Amino acid sequence: MTMHEPPFRDPTAPLSDRIDDLVRRLTLAEKVGLLHQYQAPVERLGLGPFRTGTEALHGLAWLGPATVFPQAVGLASTWDLDLVRRVGEATGEEVVAFHRKDPAGAGLNVWAPVVNPLRDPRWGRNEEGYSEDPWLTGVMGAAYARGLCGSAPERLRTAPTLKHFLAYNNETDRCTTSSGLPPRVLHEYELPAFRPAIEQGAAVAVMPSYNLVNGRPAHLSPLINQVLRAWAPDDLLVVSDAYAPGNLTGTQGYHDTPAQAYAHAVKAGLDSFTQDDDRSAATLAHLRDALDQGLLAEADVDAAVRHVLSVRFRLGEFDPATPYDEIADGVVNCPEHQALAREAARRSIVLLRNDGLLPLAGRPKVAVIGQLGDTLMEDWYSGTLPYSVTARAGLAERCETIFCEAVDRVAFTADAGPVSADPGGGPLSAGAAEAGAFDLFDWGGGAYALRSVTTGRFVSVDGGTLVNDQPGPNGWEVRETFRMEERPRGTLALRHISTGCYVGAADDGVLRLVDDADQAVWLAMEVLRSGVELAARLAAAADVAVVVVGDHPLVNGRETEDRLTLALAPAQNAVVTAVRKANPATVMVITSGYPLTWTDDEVPAVLWSAHGGQEYGHALAEVLFGDADPEGRLTQTWYRSEQELPDLLDYDIIASDATYLYFRGTPLHPFGHGLSYTTFDYAGLEVSVADGTVTARVTVTNTGDRPGVEVVQFYTRQQRSRVKQPLRRLRGFEKVRLEPGESRAVTLALPVAELAFWDVTRDRLVVERAPHQLMVGRSATDLRLSARFEVEGEVVPPQRGTLRAAAHDEYDAITFVDESREDGDAVRSDAEGAWLLFRQVDLTGVRSCVATAGSAEGGVITVRRGDPLYGQVLATFPVPRTGRYDHHAVTSPCAPAEGVHDVYVVFENDGVTLVRLDLGPALDPALDRALDRALDRDGAGA
């Protein structure tokens with residue numbers, strides 16, 4: 001540092017001192033200007049502009065061609081933390097390279113990874129996450145973030161941001177739905193996914209989610225300051241999701257004015273407002289209003305500014321040089337990154353089923369069949385593919401191939417005449433002399449796309465007119481998909497999915513969208529060529545048939561759209577069956593961002609991968625031909641049907657028996673499943689507990705005749721507990737590569753503290769004194785060995801005193817709500833007879849109850865012992881009419897019931913909110929004696 005430079009530019013000074021120096025130099029107006037996504041420059045101090053938000057989920061996205069790696073759920077299926085870290089490292093290098101070329105367009109704050117546990121596979125953004133297991137999600141997210149941020153001490157390559165905090169697994173009404181989280185689900189399932197990356201300092205920022213949690217917008221969650229920042233070793237930057245701040249007074253209506261909402265957000269921990277794109281004026285005006293009205297203090301702004309500047313300092317912005325200055329444009333899609341993309345795609349492929357058909361031998365003639373057989377898909381957060389190796393292309397390098405998409409070719413006729421497509425990509429019209437031909441793509445869920453045979457372009461909607469000018473479904477608003485609705489005499493109507501409008505015909509015959517279903521044109525559809533029949537003929541002419549099926553990442557599930565079904569598209573399903581019947585040597589290759597189901601149980605070999613990036617075809621060929629053992633393992637349960645899932649908005653995995661942790665059924669494929677081309681034996685499991693650690697050791701042997709890869713998975717189950725425990729929980733894994741006959745010892749060292757669960761009675765984690773079972777094997781249900789071990793933990797004592805409504809043990813017809821706008825959880829009854837259960841409550845000496853409750857319409861709460869319908873009535877409370885957060889303390893004498901009992905709080909009306917129930921001694925001894933006499937006389941207590 002020269003004598004003329006301020007201390008904040010001294011790279012040898014402590015970070016906190018540098019931040020302090022810079023904050024002192026900023027005016028209040030300048031500090032406010034740093035709280036928007038597009039941070040204003042401060043030219044007098046030499047601060048340039050800075051923006052948050054470069055997408056880098058599985059490669060750099062949206063900014064031009066860059067290396068595209070498999071989707072995040074595919075990366076996780078490698079079960080290889082080092083590989084995931086290396087993918088993050090490559091992505092981080094490419095972000096820096098783009099930043100060098102265009103600092104304004106490619107910022108160094110990256111919005112990745114996504115660490116929402118994949119609770120429900122119907123979630124439209126399933127492909128963005130890693131696993132339904134929170135621990136596996138956490139370590140995968142930490143590995144990717146570690147790669148993104150780099151390994152240089154105290155200097156970041158990029159600044160990773162975890163998405164999306166908290167309890168976000170639905171796109172349906174995502175800005176207005178509230179995720180109900182009981183304390184155990186919060187602390188045992190949702191929070192653990194975020195902890196590793198933050199605690200390790202790998203992620204330095206967090207983005208809250210659009211939804212509400214227990215009635216409070218996630219952007220206002222007190223957990224940001226109370227929990228997330230308590231984990232972080234350094235300042236943690238919190239950035240809003242796009243346009244979410246506006247929801248606080250808009251769709252959510254949580255505050256009346258933007259000044260109130262924005263002040264609350266800053267105090268709750270939000271540092272950067274992603275609102276109105278690069279137009280910061282309105283946001284800054286709302287913040288100034290909040291300051292002027294006394295809703296915000298300058299100290300609140302300073303705290304947020306420190307978080308913002310801390311990340312900029314750690315990125316080296318104010319240093320004369322950084323360890324990453326040598327990264328240049330040549331790193332983008334370099335040969336090393338291409339090889340890494342191929343490795344990641346290969347290791348992510350999961351062999352679901354194999355009757356011996358795979359691996360393929362020699363140079364067979366292969367029929368490559370299916371809608372995904374010769375194309376690669378980009379999802380919403382993909383980068384632009386610099387090149388694409390499709391399944392067909394990858395196999396064609398190895399053997400003779402023949403190919404068909406196996407889609408129906410159809411023609412449409414309206415009353416006005418045949419429908420044709422403009423050769424130049426213009427409008428579709430009815431009344432042509434000859435019908436145009438269209439290829440019909442079934443993407444499932446009733447969503448179809450049409451491609452003109454004449455132009456090779458897909459039918460879309462432009463200004464309400466049907467045109468044929470698109471390469472396929474694409475964009476934020478997908479305009480290329482339609483539903484087919486039956487009409488009389490075998491005709492159909494087309495309904496545009498994006499707008500909900502129908503396809504009608506103008507006077508000149510041009511097909512246009514109309515609002516009224518009665519104005520829809522009735523179309524007769526003729527199948528000119530059957531995709532199923534063509535696929536069967538092609539399969540019969542080959543030695544092996546490889547049918548590539550799956551989803552389109554922008555159709556039936558993506559940001560803003562959840563799925564209704566897990567079923568493979570009907571037309572694709574029919575192709576699989578027809579091909580298998582025509583050629584028993586059929587391999588079904590599923591490419592999808594979520595678990596799928598299908599109907600043909602006789603397909604001899606089934607592989608799955610997520611959409612695998614630019615090198616997918618090479619990777620697939622290597623696995624099919626046995627150059628590599630299939631290494632992938634599922635990180636989600638594959639259910640047999642969506643009927644096995646709870647309601648999409650039911651976030652209580654414990655009560656609903658959801659995910660592999662609690663699911664009691666027999667899945668199609670279990671969590672952790674994946675086959676090898678060889679076989680493995682497990683032997684000699686030993687388990688011991690000493691010095692606060694559970695140590696397990698097992699010997700794994702390759703018993704087959706070829707090299708193979710095994711993912712050795714360790715699970716535990718607590719066999720006795722005060723609460724409902726998981727059926728099994730992943731505790732660790734190791735990936736081993738073994739030659740034929742080779743054995744290796746695999747060990748697990750598990751801190752006893754990790755066996756803890758959340759004790760709702762004392763608001764903390766607890767390890768119970770209990771027996772446990774340790775299990776080891778190939779998946780959550782293919783467990784080869786087990787051993788029992790004992791843990792000397794605590795005994796949870798009976799509850800006394802205050803029973804917090806949200807910290808109950810079980811419930812029925814209850815919604816979690818916010819106790820106040822700022823903090824705390826409560827419950828609200830959804831129906832007459834709703835109840836809460838508090839187990840093991842010590843009622844010794846209890847003679848009074850105080851219920852803190854309220855209701856817009858008033859109501860009654862009854863406290864019963866032992867049963868919600870027939871149990872002894874201990875107390876009854878009339879609930880007064882109150883405002884939303886105006887809870888009143890209502891007192892009632894409590895009938896004697898000495899000893900420890902289960903207590904039910906029963907709501908006699910819906911819409912009643914309860915915050916807590918306080919149990920105590922008699923408020924007045926004379927009243928207590930009178931109550932005893934009344935109980936004796938009336939025979940109460942039966």
Side-chain angles (χ1 to χ4, degrees), residues 56-59 67-95 110 112-115 129-131 133 135-153 156-158 160 162 193 195-203 323-324 331 334-350 609-610 612-613 615 619 622-623 628-635 672 674 676 700 707-714 730-738 744-750:
L57 183 61
H58 51 105
T67 310
V68 178
F69 298 96
Q71 291 174 311
V73 71
L75 290 175
S77 72
T78 66
W79 292 61
D80 190 324
L81 299 178
D82 181 66
L83 174 63
V84 172
R85 179 196 59 78
R86 287 187 285 130
V87 171
E89 190 170 68
T91 300
E93 290 177 348
E94 298 198 7
V95 170
V110 292
V114 171
V115 292
Y130 293 115
S131 173
D133 181 80
W135 176 79
L136 186 58
T137 294
V139 296
M140 286 288 174
Y144 190 71
R146 175 59 62 197
L148 285 169
C149 73
S151 56
L156 300 171
R157 179 193 290 116
T158 67
L162 299 187
R195 185 167 188 164
I198 295 175
E199 203 165 53
Q200 296 171 22
Y324 309 108
V331 76
C334 63
E336 292 80 8
H337 291 182
Q338 293 175 11
L340 181 60
R342 185 168 180 167
E343 179 186 359
R346 181 179 65 248
R347 292 189 174 183
S348 72
I349 294 173
V350 182
S609 79
E615 283 286 341
E622 288 173 344
V623 172
D629 200 42
E631 296 186 25
R633 303 293 185 267
L634 299 178
T635 63
S676 167
V700 182
V709 177
E710 177 69 320
V711 178
V712 181
Q713 302 166 40
F714 292 94
L730 181 69
R731 297 299 187 180
F733 66 90
E734 185 172 332
K735 200 166 191 176
V736 294
R737 303 172 188 277
L738 299 175
R744 187 173 306 170
V746 178
T747 60
L748 169 75
L750 175 70

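Heads up: numbering here begins at 1 and tracks the sequence. Because the structure is predicted, anything quoted here is derived from the model rather than measured.
- In terms of modelled atom types and a separation under 3.5 Å, the side chain of Arg633 and the main chain of Gln713 share no donor-acceptor contact.
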Trace of the side-chain contact (heavy atoms from CB on, under 4.5 Å) decision for Val87 with Tyr144: CA-CA 7 Å; Val87 171; Tyr144 190 71; 3.9 Å; yes
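- Taking both residues in full, the closest heavy atoms of Thr158 and Gly92 are given as CG2-O, 3.9 Å, listed atom of the first, atom of the second, then distance.
- Here the straight-line distance linking atom NE2 of His337 with atom CD of Glu89 works out to 8.0 Å at 0.5 Å rounding.
- Rounding to the nearest 0.5 Å gives a distance of 10.0 Å between CG of Leu748 and CD of Glu734.
- Across Ala76 and Thr635, no two heavy atoms sit closer than the pair O-CG2, 3.6 Å.
- Within the 3.5 Å criterion, the main-chain N or O of Gly147 finds a donor-acceptor partner in the side chain of Arg157.
- Checking side-chain atoms of Glu93 against main-chain N and O of Val331 turns up no donor-acceptor pair under 3.5 Å.
- In this structure, the side chain to side chain contact (heavy atoms under 4.5 Å, CB included) partners of Ser77, at least two apart in sequence or on a different chain, are Ser348, Val350, Trp608.
- The closest donor-acceptor contact from the side chain of Arg744 to the backbone of Arg737 lies under 3.5 Å.
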Leu75 vs Met140, side-chain contact (heavy atoms from CB on, under 4.5 Å): CA-CA, chis, key distance, verdict: CA-CA 9 Å; Leu75 290 175; Met140 286 288 174; over 6 Å; no
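- One distance of note links CG of Asp80 with CZ of Phe733; it measures 8.0 Å at 0.5 Å rounding.
- The line from NZ of Lys735 to OG1 of Thr78 is 5.0 Å long, rounded to the nearest 0.5 Å.
- Taking both residues in full, the closest heavy atoms of Tyr324 and Cys149 are given as OH-O, 3.7 Å, listed atom of the first, atom of the second, then distance.
- With values rounded to the nearest 0.5 angstrom, Arg146 atom CZ is found 13.0 Å from Asp82 atom CG.
- The distance from atom OG1 of Thr67 to atom CD of Glu94, rounded to the nearest 0.5 Å, is 3.5 Å.
- In terms of modelled atom types and a separation under 3.5 Å, the side chain of His58 and the main chain of Ala72 share no donor-acceptor contact.
- For the side chain to side chain contact (heavy atoms under 4.5 Å, CB included) test, residues two or more places apart in sequence or in another chain that qualify with Val712 are Tyr682, Val698, Val700, Glu710, Phe714, Val736, Val746, Val776.
- Heavy atoms only, all atoms of each residue included: Asp629 and Ser676 are closest at OD2-OG, 2.6 Å.
- When all heavy atoms of Ala619 and Arg342 are compared, the closest pair comes out as CB-O, 3.9 Å.
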Chi angles and distances behind the side-chain contact (heavy atoms from CB on, under 4.5 Å) call for Leu83, Leu340: CA-CA 8 Å; Leu83 174 63; Leu340 181 60; 3.6 Å; yes
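- Distance alone, capped at 3.5 Å, is enough to place a donor-acceptor pair between the Thr137 side chain and the Ser131 backbone.
- When every heavy atom of Glu631 is checked against every heavy atom of Val711, the shortest pair comes out as O-CG2, 4.1 Å.
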